[in-house]
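To start, the structure under review is shown below, and the notes come after it.
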Amino acid sequence: MREQQMNDRHVHSSEKADKWKISGNGELPIVSQALDDLNLLRTFVAVAQFGSFTAAAERLSMARPQVSLQIRRMETALGASLFNRTTRRVALTDAGQRLFDECAPLLCGMQEALEKAGSRSDKLRGRLRIAAPVEHAAQVLSPVVSAFANRHPDVRVELIVSDKVQDLVAEGIDVAIRVGWMRESTSKMTKLADFAQGVLASPTYLARYGRPKTPKDLAHHRWIALTLLPSPLTWAFTKGAKTVTVRMNAHLRTDSAVALRSLLVNGAGLSVGSLLHVANEVHSGSLVRLLPEWSLPSGVVHAVFPPGAKVAPAAGAFVQMVRTLDST
């Protein structure tokens, strides 16, 4: 009797393992629906999306060794390697890619169904990571983030502020607000607003160095270059049908829009700035807009989402709030 029970357990264990095994022709069979298996799949999908055990662990609120252990358990059960590992990044193997392509959409749909079933309302939950440049976060976005956090108390909001362009996938960012001109990108994006630009200087600077009367005069002034821009020294000015392109001579350089505003206010030089972000200074008179009869190319504010994945509900709701408050 005891021997029969041991044989039955062995058969049951073998059958469960066979559900995980990759068949001889390389096809992936249906995975067991046990809760533990779903947790392993959730971890696997996170590592595949972020390309990093560390980023996946942070996203899942797990310890990195636990993530590594779960992936090893999966690979052992499947009898196949799912990731090629390097010192800087992990990438899916062929078997891992097939598993991801099949499972990621199903897991996403299952997660949505569970969230709906477990909630008596459409109340947003979970974590929302928002990235934004320093100037825009301070001048424009912070009130929106505050309003969103108050309206959705079950969402853990993180505002990551930096003038550097972050890797949305590696850093687990749900939505990034980008100001300026977008380069080619595989990310999904939506336009939020346009903003005007103008040449700016302080009254102190103008009293000392004089006021430029034409765009070409700017080439002889003390220009402050914002190195975040793709072409911080070349600007095209338009008035009616006439366009004048001017190449500036940089007296100072900075990689921060906040520092640029401070340098301008303190009379270090003149430069192009976003009128959206210097409205208070222009209104108070600490900065003067020069050559207002000439227009510069408008800038654009975009909301950018990670490539591939579906937009998180909290991210979509936040962007909608940005649109609504911007239009009021």
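For reference, positions follow the sequence shown, starting with 1.
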With sequence neighbours left out, what residues match Phe83 under ring pair (Phe, Tyr, Trp, His ring centres under 6.0 Å)?
Phe44
Working for side-chain contact (heavy atoms from CB on, under 4.5 Å), residues Thr43 and Leu60:
CA-CA 8 Å; Thr43 303; Leu60 297 173; 4.1 Å; yes
Interatomic distance, Leu290 atom CG to Lys213 atom NZ [nearest 0.5 angstrom]
13.0 Å
Just checking Phe318 against His152, ring centres under 6.0 Å apart?
no
Does Asp255 pair with Lys164 as a salt bridge, N-O distance under 4.0 Å?
yes
Output the distance between atom CD (Gln70) and atom CE (Met62), rounded to the nearest 0.5 Å.
4.0 Å
Which residue pairs satisfy the salt bridge (charged side-chain N to carboxylate O under 4.0 Å, His left out) criterion with at least one member in residues 278-307, sequence neighbours excluded?
Arg261-Glu281
Are Leu291 and Leu218 packed together at the side-chain level, in the sense that at least one heavy-atom pair is separated by less than 4.5 angstrom?
yes
Heavy-atom check, side chain of Val319 versus side chain of Leu192, under 4.5 Å:
yes
Please report the shortest heavy-atom distance between Val140 and Val144, naming the atom on each side.
O-CG2, 3.9 Å
Contacts of type side chain to side chain contact (heavy atoms under 4.5 Å, CB included), residue Arg64, not counting sequence neighbours
Phe53, Thr54, Ala57, Ser68
Which pair of heavy atoms, one from Leu233 and one from Ala225, lies closest together, and at what distance?
CD2-CB, 3.8 Å
Would you name the heavy atoms of Ala312 and Asp174 that are closest together and state the gap between them?
CB-OD1, 4.3 Å
More than 12 foreign heavy atoms under 6.0 Å from CG of Asp217: is that the case here?
yes
Output for pair (Ser256 OG, Asp163 CG), nearest 0.5 Å, gives 5.0 Å
Kindly indicate whether the side chain of Arg156, heavy atoms from C-beta on, has any atom under 4.5 Å from the side chain of Arg125.
no
Heavy-atom closest pair (Ala303 atom, Val175 atom, distance to 0.1 Å) is CB-CG2, 4.1 Å
Please determine whether residues Ile173 and Met189 belong to a single hydrophobic cluster, defined as Ile, Leu, Val, Met, Phe, Trp and Tyr linked transitively by side-chain heavy-atom distances below 4.5 Å.
yes
Please find the pair of heavy atoms, one from Leu206 and one from Ala201, that lie closest to each other, and give the distance.
CD2-CB, 4.0 Å
List the residues meeting ring pair (Phe, Tyr, Trp, His ring centres under 6.0 Å) with Phe50, not counting sequence neighbours, and say none if there are none.
none
So Thr190 and His302, do their side chains get closer than 4.5 Å, heavy atoms only?
no
Show the nearest heavy-atom pair for residues Phe148 and Leu124, with the distance to one decimal.
CZ-CD1, 4.1 Å
Is there a donor-acceptor contact under 3.5 Å from the side chain of Thr254 to the main chain of Ala259?
no
Strictly distance-based, threshold 3.5 Å: is any side-chain N or O of Thr93 a donor or acceptor partner for the main-chain N or O of Asn84?
no
When rounded to the nearest 0.5 angstrom, what distance separates CG in Leu226 from CD1 in Ile224?
10.0 Å
Would you indicate whether the side-chain heavy atoms of Val301 and Asp194 approach each other to under 4.5 Å?
no
Grouping I, L, V, M, F, W and Y whenever their side-chain heavy atoms are under 4.5 Å apart, do Val300 and Val304 come out in a common cluster?
no
For the atom pair CD (Gln197) and OG (Ser271), what is the distance rounded to the nearest 0.5 Å?
9.5 Å
Separation between CZ (Arg222) and CG (Leu252), nearest 0.5 Å, reads 7.5 Å
Check against side-chain contact (heavy atoms from CB on, under 4.5 Å), Leu270 and Tyr205:
CA-CA 8 Å; Leu270 45 71; Tyr205 175 87; 3.7 Å; yes
Taking atom types as modelled, find out whether Thr227 and Arg253 have a side-chain donor-acceptor pair closer than 3.5 angstrom.
no
Partners meeting side chain to side chain contact (heavy atoms under 4.5 Å, CB included) with Asn150 (sequence neighbours left out):
Ser146
Has the side chain of Asp101 got a donor or acceptor atom that lies under 3.5 Å from a matching backbone atom of Arg98?
no
Are Leu141 and Val322 packed together at the side-chain level, in the sense that at least one heavy-atom pair is separated by less than 4.5 angstrom?
yes
Sub-3.5 Å donor-acceptor pair from the side chain of Ser231 to the main-chain atoms of Thr234, do we have one?
no
Would you please test Phe237 and Lys242 for side-chain contact (heavy atoms from CB on, under 4.5 Å) and show each step?
CA-CA 8 Å; Phe237 296 81; Lys242 184 177 181 180; over 6 Å; no
How about Val288 and Arg211: do any of their side-chain heavy atoms sit closer than 4.5 Å?
yes
Give me the one residue out of Val265, Leu260, Asn266 that meets side-chain contact (heavy atoms from CB on, under 4.5 Å) with Ser262.
Asn266
May I ask you to test the Val244-Lys216 pair for a side-chain heavy-atom distance under 4.5 Å?
yes
Under the 3.5 angstrom rule, does the side chain of Ser298 hit a backbone N or O of Ala196 as a donor-acceptor pair?
no
How would you list, by chain and number, every residue that makes a side-chain hydrogen bond (donor to acceptor under 3.5 Å, both in side chains) with Asp154, sequence neighbours excluded?
Lys123
Check the angle between the aromatic planes of Trp235 and Trp223 and answer parallel, tilted or perpendicular using the 30° and 60° thresholds.
tilted
Indicate whether the side chain of Ser286 and that of Ser284 have a donor and an acceptor atom separated by less than 3.5 Å.
yes
Assess the residue pair Ile130 and Ile160 against the criterion (side-chain contact (heavy atoms from CB on, under 4.5 Å)); give the C-alpha distance rounded to whole Å, side-chain angles, the decisive distance to 0.1 Å, and a yes or no.
CA-CA 6 Å; Ile130 307 162; Ile160 298 96; 5.9 Å; no
